[in-house]
Amino acid sequence: MTGDPAARRASVTVEFAGARGGEAPLTWGQQAFWRLTRWLDDGDPYFNMPWTVPVPGRHDLDAVLAALRGLVERHETLRTTCAQTPEGPVQRVARQGRLAVGVAEAGQARPLAVAAEIAAGLASTGFDYAAEPPLRCVVVTGDGRPRAIAFALSHLAVDAWTLDILAADWKALLAGRELPAPAWQPLDQAGFEREGAGAARGARALRHWRAELETTPLTLFDFPGVTPEEPRFVRIGMESAAVAAAAETLAERWSVSTASVLTTASAVLLSALTGHRRVAMQLIVANRHDPRTGAMAGTAVQDGLFVLDLSGGTFADAARTGHGRALTAYRNAHYDPFAMMALREEVGRERGGTVDLSAYFNDARSVGHWPNLPRVEPPGDPAAIAALTGRTRTFLVGAWPEVDATVFFSTTPATHTCGLHLLVDTARLPRSTAHELLLGMETLLVSSVAGEVPLGAVAELCGITPVTRPHGSGPGTPGAAGGDAGTDPMEPKEAVPVEAARVETVPAVAVPTEAVSVAAARAVGAAEDVAAGGGVR
């Protein structure tokens, strides 16, 4: 890249006038992120999303600015500010206003690469949620013609599902096509959630959570800590075509989704590690199954509560049960986040301890399979799938000083391999355990293609070193904090071996830049979308 694009940047003003403006309480999806922003310092950019789109064809600057105007006028979330008031946080939709748009020449560099660099810079400073529109943008030109747009967007305004909506509308508006007005906007959603069917649905979800929280372990992590690293929170990544091929094979064999295979496997590995036979994890849920929210630009994601009993049987049994439990979690992930906070505190007081739900799973894929995997011949062949483990690599993704999660599994949007990240709190689990769990995921799935894997065999099979506790304080001890009273440890059974070579590489620390993972790390109860209900933030 030659020179600094910012140094060659001009600015123009786009005036917009939408169909309506107004003020309303935050939607529950907005509340979920608003609560998280209160946890951060003012001006923290953590919940900013960098995004770039190309400008296809031979459009001039006026046409591009007109399409940008149409996008902002069409979607109220792009002209919404959020502010705290004595009555609570509110969203304020500006009916009209001005948007400053930068213009930068790419020079000899690729315009999309320049746009990505500019987008990262735009997203590097926090939004003033009460005063600033939730988007910043720069048109990147090549030879004087617009080639790409760099955006920074606030997660209070958009989630990954919304980016797909905006991308489709951007192409249509740029082509000059007429689009029907959106039928459902966050102002409409806020009204729906506070009365009638919407309020009733939220109440049902809270009742479901209460029933689960009354019986789930207070914490999975009821064991002595270890000396943490600095920075304390570490995310390890794995790329494994074997995991993807095995998950697709098992999902078809067991009539479940690949998301349920991966979610259940995460729970099974945590059970093998901690000794708990009842595992609770929070799933990141899209809340887009209603056609109205499916077409709404705005943030709708919230957490679902996934609770799975693993007291016996095989991984196949667990995956079938886990599929149903995941669907239940999706159905009950639409609720008032502040009411949920109060509920968790109430249950904690009743049970004599804080309810810790710091284990997460987020499926950040846009589709439920991997369309560009290496060919396996014959399809589903155990040996052919096991051979793919020779391509597996693990690597360091990044490290942070403060994250409100103990373990956080998340997939990546990769389509040629299963990209799987695992963030761990190294004050609870050492970095080596993250590697064990990721590679254990591969071993468990590949072994299950070859034959049944008893749950009691998982730790030995997958190379998981169970945590140690002081004598008499195990998870099966009645009265132990977070203990699974009344359950018995599973007896190990013969393992199904996997002969596989793995390549491990550990590059220098690199903070991830994918928009889908922007909100993943710090969120407690954080809400980022696969169509069945789970999904990216």
### Message
For the residue pair Arg201 and Phe192, would you count it as a cation-pi contact if the rule is NZ or CZ under 6.0 angstrom from the ring centre and within 45 degrees of the ring axis?
### Response
no

## Note on the structure
All heavy atoms of Ala247 vs all of Leu262, minimum pair found to be CB-CD2, 4.4 Å

### Task
Check whether any side-chain N or O of Ser260 sits under 3.5 Å from a backbone N or O of Gly322 as a donor-acceptor pair, and report yes or no.
no

### Query
Rounded to the nearest 0.5 Å, what separation is found between the CZ atom of Arg210 and the CD atom of Glu346?
4.5 Å

### Task
To the nearest 0.5 angstrom, please state how far the CE atom of Met296 sits from the CH2 atom of Trp161.
11.0 Å

### Task
Take Arg35 and Met340 through the test side-chain contact (heavy atoms from CB on, under 4.5 Å) and record every step on the way to the result.
CA-CA 12 Å; Arg35 179 170 63 88; Met340 179 61 71; over 6 Å; no

### Task
Search all heavy atoms of Arg351 against all heavy atoms of Thr216 and return the closest pair with its distance.
NH1-O, 2.6 Å

### Summary
Only one of Asp425, Leu423, Leu422 passes side-chain contact (heavy atoms from CB on, under 4.5 Å) with Val407, and that residue is Leu422

#### Entry: Which residues share a salt bridge (Lys or Arg N to Asp or Glu O under 4.0 Å) with Asp356, sequence neighbours left out
none

### Task
Mind telling me whether His155 and Phe33 have parallel, tilted or perpendicular rings, with 30° and 60° as the class edges?
parallel

### Task
Decide yes or no for Val93 and Gln185: does some side-chain heavy atom of the first lie under 4.5 Å from some side-chain heavy atom of the second?
no

### Summary
Sorted by chain and number, sequence neighbours left out, salt bridge (Lys or Arg N to Asp or Glu O under 4.0 Å) with Glu252 holds for none

### Message
As a quick check of understanding, evaluate side-chain contact (heavy atoms from CB on, under 4.5 Å) for Leu250 and Val256, giving each step before the final call.
### Response
CA-CA 8 Å; Leu250 297 173; Val256 301; over 6 Å; no

### Task
For Ile385 and Val449, work out which heavy atoms get closest and say how close.
CD1-CG1, 4.0 Å

### Message
Minimum heavy-atom separation for Asp44 and Tyr129, please, with both atom names.
### Response
O-OH, 4.4 Å

### Message
Evaluate Arg136 against Thr125 for side-chain contact (heavy atoms from CB on, under 4.5 Å), listing each step before the verdict.
### Response
CA-CA 11 Å; Arg136 303 166 182 151; Thr125 56; 3.2 Å; yes

### Query
Would you find a donor on one side and an acceptor on the other, under 3.5 Å apart, between the side chain of Thr258 and the backbone of Gly368?
yes

### Message
Using side-chain heavy atoms (C-beta onward) and a distance below 4.5 Å, is Val307 in contact with Trp209?
### Response
no

### Task
Would you tell me whether Asp169 and His75 have side-chain atoms, one donor and one acceptor, within less than 3.5 Å of each other?
yes

### Query
Does a donor on one side chain sit under 3.5 Å from an acceptor on the other, for Thr328 and Arg325?
no

### Message
For a quick test of reading the model, state the closest non-hydrogen atom pair linking Phe127 to Leu153 and the distance between them.
### Response
CE1-C, 3.8 Å

### Message
I'd like to know whether Phe338 forms a ring pair (Phe, Tyr, Trp, His ring centres under 6.0 Å) with Trp34, so could you lay out the CA-CA distance, the side-chain angles of the two residues, the decisive distance to 0.1 Å, and finally the verdict.
### Response
CA-CA 10 Å; Phe338 291 98; Trp34 180 259; 8.9 Å; no

### Message
If you define the side chain from C-beta out and look only at heavy atoms, does anything of Met238 sit under 4.5 Å from Val243?
### Response
yes

### Message
Between Arg428 and Ser358, do the side chains contain a donor N or O and an acceptor N or O under 3.5 Å apart?
### Response
no

### Query
Going by heavy atoms in the side chains, are Gln30 and Thr299 under 4.5 Å from each other?
yes

### Query
Hey, is the main chain of Leu187 close enough, under 3.5 Å, to the side chain of Glu76 for a donor-acceptor pair?
no

### Message
Is there a side-chain contact (heavy atoms from CB on, under 4.5 Å) between Met441 and Leu445? Walk through the geometry before answering.
### Response
CA-CA 6 Å; Met441 173 85 74; Leu445 267 59; 4.1 Å; yes

### Least distance between heavy atoms, Asp159 atom then Gly298 atom
OD1-O, 3.4 Å

